[in-house]
Amino acid sequence: MRIKTRRILLRLFIVLAAMNSAFSAIIASEKYDVAIIGGGASGVSAAVQASRLGSKVVLVEQTDWLGGMLTSAGVSAIDGNYRMRAGFWGEFCDSLISYYGSESALKTGWVSNVLYEPSAGEKILTGIISQQKNVTVLRRAILVSLKKTSGVWVCKINDGNGMFEFVSKVLIDATELGDVAAMAGVTFDVGMESREETGEDIAPEKGNGIIQDLTYVAILKDYGTPQDVYKPHSYKSEYYSCCCINSNCVNPSEPERMWSPEMMINYGKLPGGKYMINWPVEGNDYYVNLINMSPEERIKSQQAAKDFTLGFIYYINKELGFSTLALADDEFPTADRLPFIPYHRESRRIHGKVRFTLPHITKPYSQLLKLYRTAIAVGDYPVDQHHARYTGTEELPDLHFYPVPSFGLPLGTLIPENSAGLNLIVAEKSISVSNIVNGTTRLQPVVMQIGTAAGTVAALAVRNGCDVEDVSVREVQSLILASGGYLLPYLDVDKTDSRFKAYQRIGATGILHGYGKNEGWTNETWLNADSLMYCDELAPIADFYSLKKIDFSHKPLTVQYLKKVIDKIAKAEKKVLTDTEYRNAASIAKISSENSMKITRGEFAVMIDYLFNPFSKDVTITGEFI
């Protein structure tokens, strides 16, 4: 009996010793509140936001540069959100304007209103990050492994000088291809879903594993004298012969999108006499699916994509006669003068708490899930997918600039479906959206806002001592508004207007619905704040507060009837409103005391927001009121 007891005690001692050793190793490691893997567009945004909210942050980037597609991939022409410069995206724009001296200095090419040299973008982002006291940046560092133990993430890193570990309470995947989510065992999709699965009429009839073309962007410089350029062994002029109108083009694949050589070159003209070459029409787009490849396989495939771009540069220089253009020698500090990474338009897409699909954009108020109530970012670019270099592209949907209204992106797309205890947030292009919707959420301004939202959720989880999935939706939204961000893409007022937050808050309750439309190349949503409010538009607020005996006829709402509605809400909320409170609200909303005066939608929004603050009623991650 004594021998058996000794054996049990010995085993217990060994187990306790092992546990103590593991705990000591964790304690000895550097400890962070938030670890962000990937220093791209969303990673930098997340680091800045989490740090400003008080978290201790580590940002791990595998290249020399911060910024991802904004800088390291060379896509220095911003697409969309020109009128909605939200949060950190707005801060980045302001910094570019300051760097180049004026907003007009950024309008050098015709593809974008915001163009800049990638090296300038990297300087700006590095400068902003260096001002954040709570951020540690690890460059040229690769995540080798991770595990969850004792309630924290243990991350093993290789920085080229050896291996080391750190621990973190919350982990954010801001990688280009969703590699961290895959390492953590999160379920994900790759390629196109079927229309039956997503309810999207323009999706293919059957799902497939096809992703968008990637691009090795090139930044060319005009040297003023003829330049020798490299000719890859794989070069064939027919790959590029119909990139623009020229004598070599016989049978263009996209005859409706043919421009002159000068128009093609000036497409991405940058400040400083440089040219961004990211040309989709028989240019340097390249099809390869790197997602599930090993690191070695990715390097080999990326070299083939590089050679394809180098071939296009050779064609531009030799065949099109732009002999003075060659790769810039003062942009990327790389041996081949090409960007550090290719431009990935698509990656893994996780299975999140919700999946954002096209019907949520086109008809947000008629969906079962009211995801607009949980919005944390906005976008206004069409669905734009690149498949021209895929063999068999004629069998795929035509998604060149498919028009959609502007939209609010829901928070649940950032949080994995089965995330209890995981404390993992997914950002960049790996969020839970359909393949179709990825064609608009992948763009730089949206991805930067995704990063801000990820940083907000992470910081709140740390501050409140809870899992990321338990963070209050309204608390996240409030902090995004406080940092200059948008929840919903209303163009009625600028974010500096005193009414901006009231419109955003009321829109996020659903008490007033926005109206989306397409105007030429623009995709817009308006609250129609200056339009008259009609009594039949009171139905949502009647439902919100369970009001009875409301006039739903189609006649203008007057001051007199608004007072009756307000009295009904106060009674339902068991709130005693004083005359002073009403007068203050009316003053802020700029409403006359004349009973017959007609009320606008914007005035109504400000009154309800001020008097009752319906936004304070929290919602679940799927948009249901708690």
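None of these values were measured; they are calculated from a predicted model. Values below: all heavy atoms of this structure, side chains included; hydrogens, waters and symmetry mates excluded. All residue numbers in this chain count up from 1 along the given sequence.
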Original post:
Counting distance only, does the side-chain N/O of T71 pair as donor-acceptor with the main-chain N or O of L66 below 3.5 Å?
Top reply: yes
Original post:
Counting distance only, does the side-chain N/O of S419 pair as donor-acceptor with the main-chain N or O of L422 below 3.5 Å?
Top reply: no
**OP:** Go through the steps for T622 and K353 under the test side chain to side chain contact (heavy atoms under 4.5 Å, CB included), then give the verdict.
**Re:** CA-CA 8 Å; T622 56; K353 292 292 185 183; 6.0 Å; no
Original post:
What heavy-atom pair brings I128 and V48 nearest, and what distance separates the two atoms?
Top reply: CG2-CG2, 4.1 Å
Subject >> Residue pairs, two or more places apart or on separate chains, that pass salt bridge (Lys or Arg N to Asp or Glu O under 4.0 Å) and touch residues 90-106 >> reply: R52-E91, R85-E103
Original post:
Between L424 and V468, is any pair of side-chain heavy atoms under 4.5 Å apart?
Top reply: no
Subject >> Donor-acceptor contact below 3.5 Å, side chain E603 vs main chain I591 >> reply: no
Original post:
Distance-only, no hydrogens or angles: does the T175 side chain make a donor-acceptor pair with backbone N or O of G38 under 3.5 Å?
Top reply: no
Subject >> Distance-only donor-acceptor check, side chains Q49 and T452, under 3.5 Å >> reply: no
**OP:** Applying side chain to side chain contact (heavy atoms under 4.5 Å, CB included), run through F88 and V44 and close with a yes or a no.
**Re:** CA-CA 9 Å; F88 190 67; V44 171; 4.1 Å; yes
Original post:
Which pairs pass ring pair (Phe, Tyr, Trp, His ring centres under 6.0 Å) with one or both residues in residues 477-518, sequence neighbours excluded?
Top reply: Y365-H513, Y486-F500
Original post:
Would you say R499's side chain and V606's backbone share a donor-acceptor pair under 3.5 angstrom?
Top reply: no
**OP:** Among D213, D285, D79, find the residue that satisfies the salt bridge (Lys or Arg N to Asp or Glu O under 4.0 Å) test when tested with R345.
**Re:** D285
**OP:** Could you tell me whether a side-chain N or O of E117 sits under 3.5 Å from a main-chain N or O of S76, the two making a donor and an acceptor?
**Re:** no
Subject >> Atom CD1 of I626: over 12 foreign heavy atoms under 6.0 Å >> reply: yes
Sequence neighbours excluded and cut-off under 3.5 Å, please list the side-chain donor-acceptor pairs for residues 105-113, or say none.
from, atom 1, to, atom 2, distance (Å)
T108, OG1, K269, O, 2.6
W110, NE1, M263, O, 2.8
S112, OG, I78, N, 3.3
S112, OG, I78, O, 2.6
S112, OG, Y82, OH, 3.3
S112, OG, V114, N, 2.9
S112, OG, V114, O, 3.1

Original post:
Under 3.5 Å, is there a donor-acceptor pair between the side chain of S55 and the main chain of V57?
Top reply: no
**OP:** Test I608 against I569 for side chain to side chain contact (heavy atoms under 4.5 Å, CB included), laying out the working first.
**Re:** CA-CA 9 Å; I608 299 302; I569 297 173; 4.0 Å; yes
**OP:** Could you tell me whether the side chain of K370 and the main chain of Q367 form a donor-acceptor pair under 3.5 Å?
**Re:** yes
**OP:** Verify whether the ring centers belonging to F612 and F544 lie closer than 6.0 Å.
**Re:** no
Original post:
If you measure from CD on E417 to CZ on R355, what distance do you get to the nearest 0.5 Å?
Top reply: 9.5 Å
Original post:
Residues in ring pair (Phe, Tyr, Trp, His ring centres under 6.0 Å) with Y343, at least two apart?
Top reply: none
**OP:** Please list, chain by chain and in numerical order, all residues satisfying side chain to side chain donor-acceptor pair (under 3.5 Å) with E122, sequence neighbours excluded.
**Re:** T126, R139
Original post:
Which value, rounded to the nearest 0.5 Å, describes the distance between Q385 atom CD and I211 atom CD1?
Top reply: 10.5 Å
Subject >> Candidate list V433, V378, V437, test side chain to side chain contact (heavy atoms under 4.5 Å, CB included), partner L409, passing option >> reply: V433
Subject >> E200 side chain to S434 side chain, donor-acceptor N/O pair below 3.5 angstrom >> reply: yes
Original post:
What pairs meet the salt bridge (Lys or Arg N to Asp or Glu O under 4.0 Å) rule with one or both residues in residues 430-446, with sequence neighbours excluded?
Top reply: D384-R442
Original post:
Any salt bridge between K429 and E346, counting N to O under 4.0 Å?
Top reply: no
Original post:
Which residue pairs pass the ring pair (Phe, Tyr, Trp, His ring centres under 6.0 Å) test with at least one member in residues 439-462, sequence neighbours excluded?
Top reply: none
Subject >> Side-chain donor/acceptor of T600 to backbone N/O of D530, under 3.5 Å >> reply: no
**OP:** Considering non-hydrogen atoms only, spot the tightest contact between N435 and G191 and give its length.
**Re:** CB-O, 3.4 Å
Original post:
Distance from I541 atom CD1 to L512 atom CG, nearest 0.5 Å?
Top reply: 8.0 Å
Subject >> Nearest heavy-atom neighbours spanning P118 and L270 >> reply: CD-CD1, 4.2 Å
Subject >> Backbone of Y267 reached by a side-chain donor or acceptor of W259 within 3.5 Å >> reply: no
**OP:** Check the pair E428 / I450 against side chain to side chain contact (heavy atoms under 4.5 Å, CB included), numbers first and verdict last.
**Re:** CA-CA 7 Å; E428 202 65 24; I450 288 168; over 6 Å; no
Subject >> Where A458 and V170 come nearest, the two heavy atoms and their spacing >> reply: CB-CG1, 3.8 Å
**OP:** Check whether the side chains of E524 and T522 place a donor and an acceptor atom closer than 3.5 Å, and report yes or no.
**Re:** yes
**OP:** Keeping to residues at least two apart or across chains, list the salt bridge (Lys or Arg N to Asp or Glu O under 4.0 Å) pairs with something in residues 473-495.
**Re:** none
Original post:
Should the heavy atoms of other residues, nucleotides or ligands under 6.0 Å from CG of D201 be counted, would the total exceed 12?
Top reply: no
**OP:** Mind checking side-chain contact (heavy atoms from CB on, under 4.5 Å) for E254 and listing every partner two or more places apart, or none if nothing turns up?
**Re:** E256, R257, V281, A388, H400
Original post:
What residues, two or more places apart in sequence or in another chain, satisfy side-chain contact (heavy atoms from CB on, under 4.5 Å) together with S587?
Top reply: none
**OP:** Could you tell me which non-hydrogen atom of V354 sits nearest to which non-hydrogen atom of S432, and how far apart they are?
**Re:** O-OG, 2.8 Å
**OP:** State, without any angle test, whether T198 and E193 hold a side-chain donor-acceptor pair at a distance under 3.5 Å.
**Re:** no
Original post:
Is the NZ atom of K617 crowded by more than 12 outside heavy atoms at less than 6.0 Å?
Top reply: yes
Subject >> Heavy-atom pair of closest approach, residues A86 and G485 >> reply: CB-CA, 4.0 Å
**OP:** Could you list the residues that satisfy ring pair (Phe, Tyr, Trp, His ring centres under 6.0 Å) with Y100, not counting sequence neighbours?
**Re:** none
Original post:
What pairs with H387 under ring pair (Phe, Tyr, Trp, His ring centres under 6.0 Å), at least two apart in sequence or on another chain?
Top reply: none
**OP:** Test salt bridge (Lys or Arg N to Asp or Glu O under 4.0 Å) on R348 and D173 and set out the steps.
**Re:** CA-CA 11 Å; R348 299 174 175 92; D173 180 354; over 6 Å; no
